[in-house]
Each structure stands twice: as C-alpha cells, then as structure tokens.
Amino acid sequence: MFLESGAVALRAKTKTPKAEVKPAPLPFPKAVGQAVRAIPRGQVRSYAQVALYAGRPGAARGVGREMATLPQRPDVPLPWWRVIRSDGTLAPQVAQEQARRLRAEGVEVAQRGDAFRVKVPRETPAVGGATKRRR
DNA sequence: ATCAGGGCTGGCC
DNA sequence: TGGCCAGCCCTGA
C-alpha cells in the first residue's frame, strides 16, 4: 500500500494504488498468514500494513498476537521476520533472530545497544486512520 | 533526530 | 466482563 505507492510515485505517476486490500472475508489467522506470506523476500511490512492487507485496518495488535502463535504450526511457516513496527524497530523478544534473518535477505538493519531498527521511508503521513485524539 | 509518557483500537482467551 | 498483547499515534522534553 503506502510503501508501494511511494515507489510508484518515484517512477510513474498515473498508477493509482487503489485498494489492494480486499481479501476475502477469511478468518483472521488465515488472512494474516496470507498477508505475511505475500511479503516479498528482502522487504518488510509493518504490523499495521499486514492488518490492512488482511482486511482488518487497525488490527495491528491482533496481528502481533497471531505472529506469536502461528509459527507454532510447522506446516505453514511464515516469514514473520519481515513484519516490523511502523517506526522500523523490531520487537525486543525476537529482535536478534529477526535482524539476523533480515540481513540474510539483504535488508539493512542498524543496531544500537540491544535495539534494532530498519530504515524505512515514511509511508504513512499520519493518515486519519489512527488515534488522533484531540487535546 | 530520539525518547518517554498516555490514550486508544482490534482480536483473543 | 476483564485483561492481555511481537501495535499505533500524538505530544512534550
């Protein structure tokens, strides 16, 4: 979605990145698995993007929960390491392993202390989709 | 640019 | 109903 739209903007101009977010009404776990497997090697997506692609905008948290459980099924391995936080940082509990795998795919992962992060071009200019609480 | 604090949403147990 | 979570976003320092 936004990642693509950005890339598209750089090379073309007419390509409207309409909704590529229309997967069937699959059960959440299945939808998430499908979305994650759709992430190309050497690329990353945020939990929010996965949720969006899974047809559940805003369910980033639910995605994280699924990520922690789905890998338990050896029959349907998922490239969980390609899912990172919106700000590019990696979940602490799997950061090391995740960084290792990403680097193996050619993704640049910076490390500061025990925190890892992937450089990501801003893709979500704070669309209305979120909290936006007044103050 | 980076970091911490808070409020909030979605899905599941 | 209540609480947890591998999140998201905003604001202020």
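These numbers come from a predicted model, not from an experiment. Below, chains carry the letters A, B, ... as their sequence lines are ordered, and counting in each starts from 1.
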| said: Expected output check: what is the dot-bracket annotation of DNA chain C, where ( ) and [ ] are pairs inside the strand (brackets for crossing ones), | is paired with another strand, and pairs are Watson-Crick or G-U under 3.5 Å? | reply: .||||.|||||||
Expressed as a whole number of angstroms, how long is the span from [X]:[atom1] to [N]:[atom2]?
| X | N | atom1 | atom2 | value |
| --- | --- | --- | --- | --- |
| A:Tyr53 | B:dG10 | OH | P | 22 Å |
| A:Leu90 | C:dG7 | CG | P | 11 Å |
| A:Leu52 | C:dG7 | CG | C1' | 14 Å |
| A:Gln93 | C:dG7 | CD | C1' | 13 Å |
| A:Arg56 | B:dC12 | CZ | C1' | 13 Å |
| A:Lys30 | B:dC12 | NZ | P | 15 Å |
| A:Asp87 | B:dA4 | CG | P | 12 Å |
| A:Leu26 | B:dG11 | CG | P | 14 Å |

Quick check on [N]: is either OP1 or OP2 less than 4.0 Å from any side-chain nitrogen or oxygen of [X]?
| X | N | answer |
| --- | --- | --- |
| A:Ser86 | C:dC8 | yes |
| A:Arg61 | C:dC8 | no |
| A:Arg85 | C:dG7 | yes |

Minimal non-hydrogen separation, [X] against [Y], with atom names:
| X | Y | value |
| --- | --- | --- |
| A:Met67 | A:Val36 | SD-CG2, 4.0 Å |
| A:Ala104 | A:Arg41 | O-NH2, 3.7 Å |
| A:Trp81 | A:Leu102 | O-CD2, 3.3 Å |
| A:Ala60 | A:Ala51 | N-CB, 3.6 Å |

Nucleotide nearest [X] when distance is taken to its side chain, options [options]:
| X | options | result |
| --- | --- | --- |
| A:Met67 | B:dG11, B:dC8, C:dA6 | C:dA6 |
| A:Val94 | B:dC12, C:dG7, C:dA6 | C:dA6 |
| A:Ala91 | C:dC9, C:dA6, B:dG11 | C:dA6 |

| Check against side-chain contact (heavy atoms from CB on, under 4.5 Å), A:Tyr53 and A:Arg45 | CA-CA 10 Å; A:Tyr53 196 89; A:Arg45 289 289 133 85; over 6 Å; no
| Residue mapping more 5' on DNA chain C - nearest nucleotide basis, A:Arg65 or A:Ile84 | A:Arg65
| field | salt_bridge(A:Glu105, A:Arg82) N-O dist < 4.0 Å | value |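 Answer for the salt bridge query: yes.
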| message | Donor-acceptor pair, distance only, cut-off 3.5 Å: does the side chain of A:Gln98 make one with the backbone of A:Val83? | response | yes
| query | Counting any heavy atom closer than 4.0 Å, what does A:Tyr47 reach on the DNA or RNA strands: base, sugar-phosphate only, or nothing? | reply |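 Base contact.
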